[in-house]
K.L.:
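Attaching a single structure in structure tokens format; questions to follow.
Naming convention: chains lettered A, B, ... in sequence-line order (proteins, then strands); numbering from 1 in each chain.
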Amino acid sequence: MDLSITKIVYCSHGFRPTYNIWWEEERYTDGVKWKFLEHKGPVFAPPYEPLPSNVKFYYDGKHMKLSPQAEEVATFFAKMLDHEYTTKDIFRKNFFKDWKKEMTSEERSKITDLKKCNFTEMSDYFKAQAEARKSKTKEDKLEENERMLQEYGFCVMDNHKERIANFRIEPPGLFRGRGDHPKMGMLKRRIRPEDIIINCSKDSKHPVPPPGRKWKEVRHDNKVTWLVSWTENIQGSIKYIMLNPSSRIKGEKDWQKYETARRLKKCVDRIRNQYREDWKSKEMRIRQRAVALYFIDKLALRAGNEKEEGETADTVGCCSLRVEHIKLYPENDGQEFVVEFDFLGKDSIRYYNKVPVEKRVFKNLQLFMENKEPDDDLFDRLNTSILNKHLQELMDGLTAKVFRTYNASITLQQQLKELTNVEENIPAKILSYNRANRAVAILCNHQRAPPKTFEKSMQNLQTKIDAKRDQLADAKRELKSAKADAKVRRDEKSKKAVETKKKAVQRIEEQLMKLEVQATDREENKQIALGTSKLNYLDPRISVAWCKKMGIPIEKIYNKTQREKFAWAIDMAEEDYEF
DNA sequence: GGGGAGACTTAGTAAGCATCTT
DNA sequence: AAGATGCTTACTAAGTCTCCCC
């Protein structure tokens with residue numbers, strides 16, 4: 001079955017007629033997302049397999065056979081024993097509470113203290129199993145995965161066969177929130193067919209539930225993009241199965257996102273003038289709105305919706321900043337009007353920044369903080385809905401996050417212009433690209449945990465560099481003596497020898513440069529994640545155009561997945577593309 | 001306008017896998 | 001062949017924003 005409209009797409013490896021060329025098709029305008037949708041439904045988590053009888057659980061030093069339900073939940077904990085989570089009080093408390101709910105009344109009366117539970121045999125058993133799975137022939141694993149992918153990993157949406165992003169239902173386990181999450185350790189329950197809502201078109205072959213089972217509902221809503229949904233039990237939120245980023249439905253939206261950001265580029269000056277005016281407004285709400293917008297624009301802060309207290313980790317964005325999250329310095333390190341930000345943002349990633357701001361902003365902040373407690377809202381007359389309503393009036397489709405997209409993309413474009421030189425060689429250009437990418441990642445505060453092996457791998461690289469330096473010195477010495485030799489002998493053979501040595505020196509110099517560049521790049525990247533901005537904030541057409549201008553194969557910048565996601569941009573953007 | 005449901009994007013981590021070293 | 005290393009992919013949590021109801 002091949003319903004895709006494909007076109008021969010040229011890439012530097014040759015011709016590959018692989019993509020759906022959805023970007024040359026007409027688009028829906030009326031909120032309709034598709035006319036035909038057919039899929040096979042989700043893949044459920046494998047059923048629980050009770051432990052073999054030799055793998056024992058001990059309570060207070062004594063062997064205890066657990067009921068299957070209680071045992072399953074115990075295995076979730078056992079599997080995480082090596083993780084720091086299991087040492088945290090909240091995690092243990094939440095787990096124990098939910099575990100007890102799964103016990104028989106007899107078990108419940110016996111098992112009263114988590115500290116007295118010994119899961120080590122279970123834990124060892126799972127480690128051994130993981131080991132065994134590793135050594136299982138590669139073909140077995142691959143084949144199984146591939147079979148599932150072929151069977152469940154695709155759907156037909158309109159005239160395209162599309163890849164599904166997540167066709168497997170999340171297996172049961174213990175909830176792992178990020179940061180200080182009040183619900184960490186709670187039992188994430190197993191999802192059954194009866195929990196599942198299927199979305200597909202009426203005239204499609206509907207997915208079939210497992211034998212003897214039923215779906216919760218089958219609906220035919222073509223105003224939404226999801227294929228399957230269920231309600232999760234930790235926060236009560238809805239989870240979805242949706243399409244891969246390479247799909248038409250995702251790609252179109254992504255493209256549209258960058259087009260909105262480009263429209264902002266056209267009117268951003270006007271908007272900036274406007275909010276600067278608003279700093280002087282008589283009305284408090286307008287001043288607050290204007291200062292918040294300034295932060296969102298200048299610092300690429302997120303909007304900051306309010307969150308239900310006690311349901312999630314305590315994190316904030318711009319509109320939900322509290323007095324305790326900023327400090328004002330009339331003077332700091334020779335700069336005037338410095339604001340120090342220190343708060344936990346999305347995923348409990350710390351945002352720390354000291355920035356000089358305009359005097360008016362500074363004065364306003366002082367005013368906003370007057371007579372407030374540390375845990376009071378900084379912008380008490382503002383929330384994201386007020387802010388976005390205002391933005392909508394300034395430009396059609398404008399919301400807070402458009403500023404992040406706009407500032408990220410424009411920064412990349414500027415940095416690429418500034419940093420790259422057509423004359424340089426490919427590794428130098430790629431270093432420059434990464435640096436431009438890095439500037440954006442820093443702006444957006446995209447962090448990562450430094451890789452566990454970072455120090456060591458850095459040392460190894462340094463060793464290599466040192467060795468290469470020695471090698472270069474040797475080669476230079478040899479070249480020198482060859483030259484001297486040629487001067488004396490004046491024959492063809494020794495002239496040739498000089499040429500060979502020269503080439504060798506050149507080659508080694510290049511290799512050395514490459515290694516040094518690699519070291520710089522890696523060092524600068526230690527705690528910074530480039531992937532997030534590359535995937536979500538940077539208009540891919542900027543990168544494609546840059547590659548064309550600089551003679552860099554696109555494969556050096558985008559890996560296979562990224563090329564699939566950005567196929568539209570790779571096909572469309574010419575070297576003169578301007579964001 | 002306030003609150004909640006719903007839909008969709010953005011995010012970091014860890015497992016999986018490929019490749020390079022020893 | 002095994003082990004180290006580094007990149008890719010899968011996973012799923014945590015955001016944003018819209019819409020609807022009151």
Side-chain angles (χ1 to χ4, degrees), chain A residues 31 33 80 82-83 130 133-135 138 141-142 145 149 153 164-171 173 175-179 181 183-184 188 197 199 221 223-226 229 231-232 234-245 249-250 253-254 256-257 296 302-308 311-313 315-320 344-349 383-389 391-392 397-405 408 441 444-449 451-454 456-458 460-461 464 518 522 525 527-537 558-562 564:
Chain A
K33 303 290 169 66
M80 293 178 77
D82 286 338
H83 206 287
R133 216 171 314 125
K134 258 187 224 161
S135 56
K138 215 189 277 173
K141 278 190 287 182
L142 266 177
N145 274 337
L149 176 67
I164 297 169
N166 56 324
F167 55 88
R168 284 173 216 274
I169 302 266
E170 296 171 19
F175 177 74
R176 307 155 76 124
R178 317 239 169 100
H181 198 116
K183 299 197 170 185
M184 64 168 74
K188 197 166 109 163
I197 303 175
N199 194 33
D221 182 357
K223 299 274 169 67
V224 297
T225 68
W226 53 268
S229 76
T231 301
E232 151 272 349
I234 304 289
Q235 325 267 5
S237 64
I238 308 169
K239 300 262 188 168
Y240 303 93
I241 290 182
M242 291 186 189
L243 298 193
N244 197 66
I249 201 92
K250 294 289 183 192
K253 198 78 186 300
D254 205 38
Q256 189 189 313
K257 173 181 79 186
I296 284 170
R302 295 187 185 83
N305 284 306
E306 51 263 76
K307 310 164 70 185
E308 219 177 322
E311 294 292 298
T312 59
T315 62
V316 297
C318 187
C319 295
S320 50
L344 297 181
K346 181 176 178 181
D347 295 307
S348 293
I349 297 291
N383 61 40
T384 55
S385 140
I386 295 171
L387 179 65
N388 280 333
K389 256 182 210 135
L391 293 176
Q392 185 58 236
L398 188 60
T399 62
K401 90 185 184 90
V402 178
F403 281 88
R404 246 167 107 78
T405 311
C444 294
N445 199 227
H446 291 141
Q447 298 188 24
R448 61 166 183 175
K452 285 192 188 81
T453 54
F454 185 84
K456 212 174 135 212
S457 83
M458 218 53 208
N460 289 347
L461 193 57
K464 267 193 197 168
Q518 208 187 342
R522 208 185 291 172
N525 241 9
Q527 303 200 55
I528 299 168
L530 300 186
T532 306
S533 50
K534 207 177 196 179
L535 229 49
N536 299 301
Y537 288 103
Y558 289 140
N559 68 29
K560 183 167 150 279
T561 326
Q562 295 167 158
E564 279 166 10

K.L.:
With the side chain of A/Gln392 defined as its heavy atoms from C-beta on, choose the nearest nucleotide among C/dT12, B/dG6, C/dT18.
P.N.:
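The nucleotide sitting nearest to the side chain is C/dT18.
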K.L.:
Please lay out, stage by stage, how A/Leu387 and A/Cys319 fare under the test side-chain contact (heavy atoms from CB on, under 4.5 Å).
P.N.:
CA-CA 8 Å; A/Leu387 179 65; A/Cys319 295; 4.0 Å; yes
K.L.:
Would A/Thr315 and A/Lys346 count as a side-chain contact (heavy atoms from CB on, under 4.5 Å) if you check the C-alpha gap in whole Å, the side-chain angles of each, and the deciding distance to 0.1 Å?
P.N.:
CA-CA 6 Å; A/Thr315 62; A/Lys346 181 176 178 181; over 6 Å; no
K.L.:
Please work out whether the ring planes of A/Phe175 and A/His181 are parallel, tilted or perpendicular, with thresholds of 30° and 60°.
P.N.:
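It falls in the perpendicular class, over 60°.
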K.L.:
Using whole Å, what does the distance between atom C1' of nucleotide B/dG3 and atom CD of A/Glu306 come to?
P.N.:
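Answer to the nearest Å: 10 Å.
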K.L.:
Between A/Asn166 and A/Tyr240 (side chain of the first, backbone of the second, donor and acceptor by atom type, cut-off under 3.5 Å), is there such a pair?
P.N.:
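A pair under 3.5 Å: yes.
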K.L.:
Measure CG/A/Asn445 against P/C/dA14 and give the value in whole Å, please.
P.N.:
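Rounded to the whole Å, the gap is 17 Å.
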K.L.:
Test your reading of the model: is there a side-chain donor-acceptor pair from A/Gln447 to the backbone of A/Ala529, 3.5 Å cut-off?
P.N.:
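Answer holds: no.
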K.L.:
Check ring-ring contact (aromatic ring centres under 6.0 Å, His included) between A/Phe167 and all other residues, then give those that pass, not counting sequence neighbours.
P.N.:
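Not a single residue meets the ring-ring contact (aromatic ring centres under 6.0 Å, His included) criterion with A/Phe167.
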K.L.:
Tell me: CG of A/Asn559 to C1' of C/dG6, nearest whole Å?
P.N.:
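Going from A/Asn559 (CG) to C/dG6 (C1'), I get 13 Å.
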K.L.:
Are any of A/Lys33's side-chain N or O atoms less than 4.0 Å away from OP1 or OP2 of B/dC8?
P.N.:
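For B/dC8, OP1/OP2 do have a side-chain N/O of A/Lys33 under 4.0 Å.
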K.L.:
Considering just the side-chain nitrogens and oxygens of A/Thr399, establish if one lies under 4.0 Å of OP1 or OP2 belonging to C/dC17.
P.N.:
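Answer is yes, contact under 4.0 Å.
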K.L.:
Describe the nucleic acid contact of A/Ala400 in one word from base, sugar-phosphate, nothing, applying a heavy-atom distance below 4.0 Å.
P.N.:
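Counting heavy atoms under 4.0 Å across all strands, the contact made by A/Ala400 is with sugar-phosphate only.
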K.L.:
Of A/Thr405 and A/Arg176, whose closest DNA chain B nucleotide lies nearer the 5' terminus?
P.N.:
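Of the two residues, A/Thr405 wins.
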K.L.:
Rounded to the nearest angstrom, tell me the gap between atom CZ in A/Arg178 and atom P in C/dC11.
P.N.:
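Interatomic distance, CZ of A/Arg178 to P of C/dC11: 15 Å.
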K.L.:
Less than 4.0 angstrom between a side-chain N/O of A/Lys257 and OP1 or OP2 of B/dT9, yes or no?
P.N.:
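A/Lys257 to B/dT9 OP1/OP2: no side-chain N or O under 4.0 Å.
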K.L.:
Once you apply a heavy-atom cut-off of 4.0 Å, does A/Gly345 come out as touching a base, just sugar-phosphate, or nothing?
P.N.:
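The residue A/Gly345 makes sugar-phosphate contact but no base contact.
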K.L.:
Please check the phosphate of C/dA14 (OP1 and OP2 only) for any side-chain N or O of A/Lys307 closer than 4.0 Å.
P.N.:
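Answer no for this pair, as no side-chain N or O of A/Lys307 is under 4.0 Å from OP1 or OP2.
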K.L.:
Hey, mind stepping through A/Ile164 and A/Ile241 against side-chain contact (heavy atoms from CB on, under 4.5 Å) and telling me if it holds?
P.N.:
CA-CA 8 Å; A/Ile164 297 169; A/Ile241 290 182; 3.6 Å; yes
K.L.:
Assign A/Gly531 to base, sugar-phosphate, or nothing according to its heavy-atom contacts below 4.0 angstrom with the strands shown.
P.N.:
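Contact class for A/Gly531: none.
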K.L.:
Could you state the atom-to-atom distance from CD1 of A/Ile528 to P of B/dG12 in whole Å?
P.N.:
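Rounding to the nearest Å, CD1 of A/Ile528 and P of B/dG12 are 12 Å apart.
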K.L.:
When you check the phosphate oxygens OP1 and OP2 of C/dG15, does a side-chain N or O of A/Asn305 lie under 4.0 Å from one of them?
P.N.:
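False: A/Asn305 side-chain N/O out of range (4.0 Å or more) of C/dG15 OP1/OP2.
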K.L.:
Please give, in whole Å, the distance from C/dA14 C1' to A/Lys183 NZ?
P.N.:
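Roughly 14 Å, once rounded to whole Å.
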K.L.:
Contact class for A/Lys389 (heavy atom, under 4.0 Å): base, sugar-phosphate, or nothing?
P.N.:
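Nothing: the residue A/Lys389, judged by heavy atoms under 4.0 Å, touches no strand.
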K.L.:
How close or far is atom C1' of B/dC8 from atom CG of A/Asn166, stated in whole angstroms?
P.N.:
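Rounded to the whole Å, the gap is 12 Å.
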K.L.:
Can you see which heavy atom on A/Ala313 is nearest to which on A/Lys307, and at what distance?
P.N.:
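Closest approach of A/Ala313 to A/Lys307: O-NZ, 2.8 Å.
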K.L.:
Dump every N/O contact between nucleotides 1-5 of chain C and the protein below 3.5 Å, one line per pair.
P.N.:
residue	atom	partner	partner atom	Å
C/dT5	OP1	A/Asn460	ND2	3.0
C/dT5	OP2	A/Lys456	NZ	3.2

K.L.:
Compare the minimum distances between each of B/dA11, B/dT13, B/dC8 and the side chain of A/Asn536, then state the nucleotide with the smallest one.
P.N.:
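Out of B/dA11, B/dT13, B/dC8, the nucleotide with an atom closest to A/Asn536's side chain is B/dA11.
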K.L.:
Identify the pairs formed between an N or O of the protein and an N or O of nucleotides 20-22 of chain C at a distance under 3.5 Å, and give each distance.
P.N.:
none

K.L.:
Base, sugar-phosphate alone, or nothing: which one does A/Thr225 contact when heavy atoms must sit under 4.0 Å apart?
P.N.:
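Touches sugar-phosphate only.
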K.L.:
Which one, B/dG6, C/dT16, C/dA14, comes nearest to the side chain of A/Tyr240?
P.N.:
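Between B/dG6, C/dT16, C/dA14, the one nearest the side chain of A/Tyr240 would be B/dG6.
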K.L.:
Answer yes or no: is there a side-chain heavy-atom contact under 4.5 Å between A/Ile238 and A/Ile197?
P.N.:
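In short, these two side chains do not touch, never coming nearer than 4.5 Å.
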K.L.:
If you apply the rule side-chain contact (heavy atoms from CB on, under 4.5 Å), what do you find for A/Lys257 with A/Lys253, and how did you get there?
P.N.:
CA-CA 6 Å; A/Lys257 173 181 79 186; A/Lys253 198 78 186 300; over 6 Å; no
K.L.:
A/Glu306 and A/Ser320: side chain to side chain donor-acceptor pair (under 3.5 Å), yes or no, with the steps?
P.N.:
CA-CA 6 Å; A/Glu306 51 263 76; A/Ser320 50; over 6 Å; no
K.L.:
When we call it a touch if two heavy atoms are under 4.0 Å apart, what does A/Ala449 touch: a base, just sugar-phosphate, or nothing?
P.N.:
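A/Ala449: backbone/sugar contact only, no base atoms under 4.0 Å.
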K.L.:
Donor-acceptor pair under 3.5 Å: do we get one between A/Lys346's side chain and the base of B/dT10?
P.N.:
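By the distance-only test, yes, there is a pair.
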K.L.:
Among C/dC11, B/dG12, C/dC17, which nucleotide has an atom closest to any side-chain atom of A/Thr532?
P.N.:
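My answer, after comparing the listed nucleotides, is B/dG12.
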K.L.:
Using a 4.0 Å heavy-atom cut-off, does A/Gly317 contact any base of the nucleic acid, only the sugar-phosphate backbone, or nothing at all?
P.N.:
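The residue A/Gly317 makes no contact with any strand.
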K.L.:
When you check the phosphate oxygens OP1 and OP2 of B/dA14, does a side-chain N or O of A/His83 lie under 4.0 Å from one of them?
P.N.:
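Affirmative; the distance criterion is met.
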K.L.:
On the nucleotide B/dA11, are OP1 or OP2 found under 4.0 Å from the side-chain N or O atoms that A/Arg404 carries?
P.N.:
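It does, given that an N or O in the side chain of A/Arg404 lies less than 4.0 Å from OP1 or OP2 of B/dA11.
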K.L.:
Are any of the side-chain heavy atoms of A/Arg302 and A/Lys401 separated by less than 4.5 Å?
P.N.:
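A/Arg302 vs A/Lys401: side chains apart.
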K.L.:
Using the side-chain heavy atoms of A/Asn145, tell me which of these nucleotides is nearest: B/dA14, B/dC17, B/dT10.
P.N.:
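For the A/Asn145 side chain, the nearest candidate turns out to be B/dC17.
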K.L.:
Which is more 5' along DNA chain B, the nucleotide nearest A/Asn383 or the one nearest A/Ile249? Just name the residue.
P.N.:
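First, find each residue's nearest nucleotide; the 5'-ward one identifies A/Asn383.
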K.L.:
Which pair of heavy atoms, one from A/Asn199 and one from A/Trp226, lies closest together, and at what distance?
P.N.:
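So the minimum-distance heavy-atom pair works out to ND2-O, 3.1 Å.
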K.L.:
Please tell me if A/Tyr537 has a side-chain N or O lying less than 4.0 Å from either OP1 or OP2 of B/dA11.
P.N.:
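Yes.
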K.L.:
So, is A/Thr315 near the phosphate of C/dG15, with a side-chain N or O under 4.0 Å from OP1 or OP2?
P.N.:
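Affirmative; the distance criterion is met.
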K.L.:
How do A/Leu398 and A/His181 order along DNA chain C: which one's closest nucleotide is nearer the 5' end?
P.N.:
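Checking each residue's closest nucleotide, the 5'-ward one belongs to A/His181.
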K.L.:
Give the rounded distance in Å between these two atoms: NZ of A/Lys560 and C1' of C/dC7.
P.N.:
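That distance rounds to 13 Å.
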K.L.:
When we call it a touch if two heavy atoms are under 4.0 Å apart, what does A/Pro245 touch: a base, just sugar-phosphate, or nothing?
P.N.:
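It contacts nothing in the nucleic acid.
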K.L.:
When you measure from the side chain of A/Val224, which nucleotide among B/dA14, C/dG15, B/dA7 comes out closest?
P.N.:
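Between B/dA14, C/dG15, B/dA7, the one nearest the side chain of A/Val224 would be B/dA7.
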